[in-house]
Novice: 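Attaching a single structure in structure tokens format; questions to follow.
A quick note: this is a predicted structure, and the numbers were derived from the prediction, not measured.
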Amino acid sequence: MPDDKVTLETEKLRQDIRSLRLQRLLAILGVVGTIIAFLVGNMSDIKAIFYPPPKIKLVFQGDFLKRTGTFSLYHNTDINKALMKLAAKEATDWVSVDPGAYDIIISSGKSQVFKRELILKNGDREAVIIPPYFTPNIKLVVTSDILRPAPGSTLKFHIQTSGNGYLWVYEISREQGFRLLYPGVGAASNRISVNKPFILPDSNNYGISAGDQPGEEKLLFVVTSSSHPAQANKIAARMSGVVTKASGSVITENWGVQLLSYQVQL
């Protein structure tokens with residue numbers, strides 16, 4: 001009888017051991033299952049740690065395009081639809097993109113001034129060097145925060161240039177030709193620099209006002225490398241359609257223009 005009791009207790013102990021082993025195995029499988037589920041559910045994040053998406057940034061060797069340019073990114077198989085479009089200065093920090101083949105384009109105004117093809121894969125970091133922007137003529141970018149001014153209101157302008165020189169602003173019309181509005185008596189220096197935007201009204205609060213009557217007005221912004229107004233007047237005459245006599249000479253002037261129109265409204 002005692003031996004039967006020992007046998008039963010031994011068998012019960014064996015069953016308890018088997019049960020504990022089974023519970024431990026189930027617990028291990030549960031942990032493994034949890035780990036697998038975590039890995040599957042977070043695979044993209046885990047992959048990004050070891051194989052991060054490619055990044056690009058722009059490194060400008062000149063300041064003009066950095067301040068005024070536009071950065072566009074295209075798949076090189078579809079140049080008609082931009083995947084990304086930013087102010088150029090916003091792309092001087094790292095920008096993440098998907099792996100693929102791309103065209104990078106830098107524009108100034110409506111002109112494309114830089115293009116580069118890139119093939120990027122996970123883990124790549126590509127710093128694109130943008131060379132200084134040189135053109136035969138000076139490039140201007142003129143912006144205004146007043147698109148539809150009221151009659152007689154003060155106009156505000158922000159002028160940036162790719163070359164150092166002197167700023168001249170003319171009113172242009174077919175009927176009256178051209179008329180110099182800036183600089184005038186009481187204006188600050190009209191010297192304009194690559195590194196510093198020119199603001200109107202100027203530091204002496206001398207500026208330009210809209211006309212008294214509703215309608216379209218046109219302003220011609222001219223930058224010349226010379227401080228003498230003769231060259232600027234010739235350019236304004238040509239832009240306004242005034243007939244001038246031809247002449248021959250060695251061209252030593254560097255200059256640029258931008259024509260801006262707006263509607264005066266009541």
Novice: Just jot down the side-chain contact (heavy atoms from CB on, under 4.5 Å) partners of Pro201, sequence neighbours excluded, or say none.
Specialist: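 Residues passing side-chain contact (heavy atoms from CB on, under 4.5 Å) with Pro201: Thr154, Lys156, Asn205.
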Novice: Quick one: ring-ring contact (aromatic ring centres under 6.0 Å, His included) partners of Tyr206, sequence neighbours excluded?
Specialist: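 Checked Tyr206 against ring-ring contact (aromatic ring centres under 6.0 Å, His included); matches are Tyr182.
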Novice: Side chains of Ile235 and Trp168, heavy atoms from C-beta outward: is any pair under 4.5 Å?
Specialist: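 They are not in side-chain contact.
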Novice: Please check if the distance between the ring centroids of Phe221 and Tyr170 is under 6.0 Å.
Specialist: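 Ring centroids of Phe221 and Tyr170 are no less than 6.0 Å from each other.
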Novice: By ring-ring contact (aromatic ring centres under 6.0 Å, His included), which residues pair with Phe71, not counting sequence neighbours?
Specialist: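 Per chain and number, Phe71 pairs via ring-ring contact (aromatic ring centres under 6.0 Å, His included) with no residue.
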Novice: How far does CZ of Arg116 sit from CD1 of Ile56, to the nearest 0.5 angstrom?
Specialist: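 Result: 10.0 Å between the selected atoms.
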Novice: Please report the interatomic distance CG(Leu200) to CG(Leu181), rounded to the nearest 0.5 Å.
Specialist: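 Going from CG on Leu200 over to CG on Leu181, the span is 10.5 Å.
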Novice: Sequence neighbours left out, cut at 3.5 Å: what donor-acceptor pairs do the side chains of residues 97-108 make with other protein atoms?
Specialist:
| unit_1 | atom_1 | unit_2 | atom_2 | d |
| --- | --- | --- | --- | --- |
| Tyr102 | OH | Asp98 | O | 2.4 |

Novice: Once rounded to the nearest 0.5 Å, what's the spacing between atom CD1 of Ile208 and atom OG of Ser153?
Specialist: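 It comes to 12.0 Å.
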Novice: Mind jotting down which residue pairs meet the salt bridge (charged side-chain N to carboxylate O under 4.0 Å, His left out) criterion with at least one end in residues 209-231? Sequence neighbours excluded, please.
Specialist: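 Qualifying pairs: none.
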Novice: Return the CG to CG distance between Asp124 and Leu118, rounded to the nearest 0.5 Å.
Specialist: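 Taking CG in Asp124 and CG in Leu118, the distance rounds to 9.5 Å.
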Novice: List the residues meeting side-chain contact (heavy atoms from CB on, under 4.5 Å) with Pro214, not counting sequence neighbours, and say none if there are none.
Specialist: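 Scan of Pro214 (side-chain contact (heavy atoms from CB on, under 4.5 Å), adjacent residues dropped) gives Leu266.
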Novice: Does the side chain of Tyr262 reach to within under 4.5 Å of the side chain of Pro149, using non-hydrogen atoms?
Specialist: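 Contact flag for Tyr262/Pro149 side chains = yes.
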Novice: Check step by step if side chain to side chain contact (heavy atoms under 4.5 Å, CB included) holds for Trp94 and Arg125.
Specialist: CA-CA 8 Å; Trp94 290 108; Arg125 286 199 167 202; 3.5 Å; yes
Novice: Roughly how far apart are Leu65 CG and Lys139 NZ, rounded to 0.5 Å?
Specialist: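 Interatomic distance, Leu65 CG to Lys139 NZ, rounded to 0.5 Å: 10.0 Å.
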Novice: List the atom pairs, donor and acceptor, that lie under 3.5 Å between side-chain atoms in residues 82-91 and the rest of the protein, sequence neighbours left out.
Specialist:
none

Novice: Using a 4.5 Å cut-off on heavy atoms from C-beta on, say whether the side chain of Phe157 contacts that of Val169.
Specialist: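 They are not in contact (no side-chain heavy atoms under 4.5 Å apart), so the answer is no.
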Novice: How would you list, by chain and number, every residue that makes a ring-ring contact (aromatic ring centres under 6.0 Å, His included) with Tyr166, sequence neighbours excluded?
Specialist: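 ring-ring contact (aromatic ring centres under 6.0 Å, His included) list for Tyr166, sorted by chain: empty.
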Novice: Tell me, please, which residues at least two apart from Arg179 pass salt bridge (charged side-chain N to carboxylate O under 4.0 Å, His left out).
Specialist: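 For Arg179, the residues satisfying salt bridge (charged side-chain N to carboxylate O under 4.0 Å, His left out) (neighbours in sequence not counted) are Glu171.
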Novice: Tell me, which pairs form a salt bridge (charged side-chain N to carboxylate O under 4.0 Å, His left out) where one or both residues lie in residues 55-74, sequence neighbours left out?
Specialist: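 Of all non-adjacent pairs touching residues 55-74, those that pass salt bridge (charged side-chain N to carboxylate O under 4.0 Å, His left out) are Asp63-Arg67.
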Novice: So which heavy atom on Gln231 is nearest to which on Thr224, and how close?
Specialist: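 Looks like CG-CG2, 4.1 Å.
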Novice: Assess the residue pair Leu155 and Leu219 against the criterion (side chain to side chain contact (heavy atoms under 4.5 Å, CB included)); give the C-alpha distance rounded to whole Å, side-chain angles, the decisive distance to 0.1 Å, and a yes or no.
Specialist: CA-CA 11 Å; Leu155 303 175; Leu219 297 181; 4.2 Å; yes
Novice: Which value, rounded to the nearest 0.5 Å, describes the distance between Lys196 atom NZ and Gln160 atom CD?
Specialist: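 CD of Gln160 is found 13.0 Å from NZ of Lys196.
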Novice: Which ILVMFWY residues can you reach from Ile129 by hopping between side chains whose heavy atoms are under 4.5 Å apart?
Specialist: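 Ile129 clusters with Val59.
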Novice: Which side-chain N or O atoms in residues 187-195 pair as donor and acceptor under 3.5 Å with protein atoms at least two apart or in another chain?
Specialist:
| unit_1 | atom_1 | unit_2 | atom_2 | d |
| --- | --- | --- | --- | --- |
| Ser189 | OG | Arg191 | N | 3.2 |
| Asn190 | ND2 | Leu167 | O | 3.0 |
| Arg191 | NH1 | Gly165 | O | 2.9 |
| Ser193 | OG | Asn195 | N | 3.2 |

Novice: The test is side chain to side chain contact (heavy atoms under 4.5 Å, CB included); show your working for Thr92 and Phe60 and say whether it passes.
Specialist: CA-CA 8 Å; Thr92 55; Phe60 289 88; 3.8 Å; yes
Novice: Can you confirm whether the side chains of Ser225 and Trp255 place a donor and an acceptor under 3.5 Å from each other?
Specialist: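 No, no side-chain donor-acceptor pair sits under 3.5 Å.
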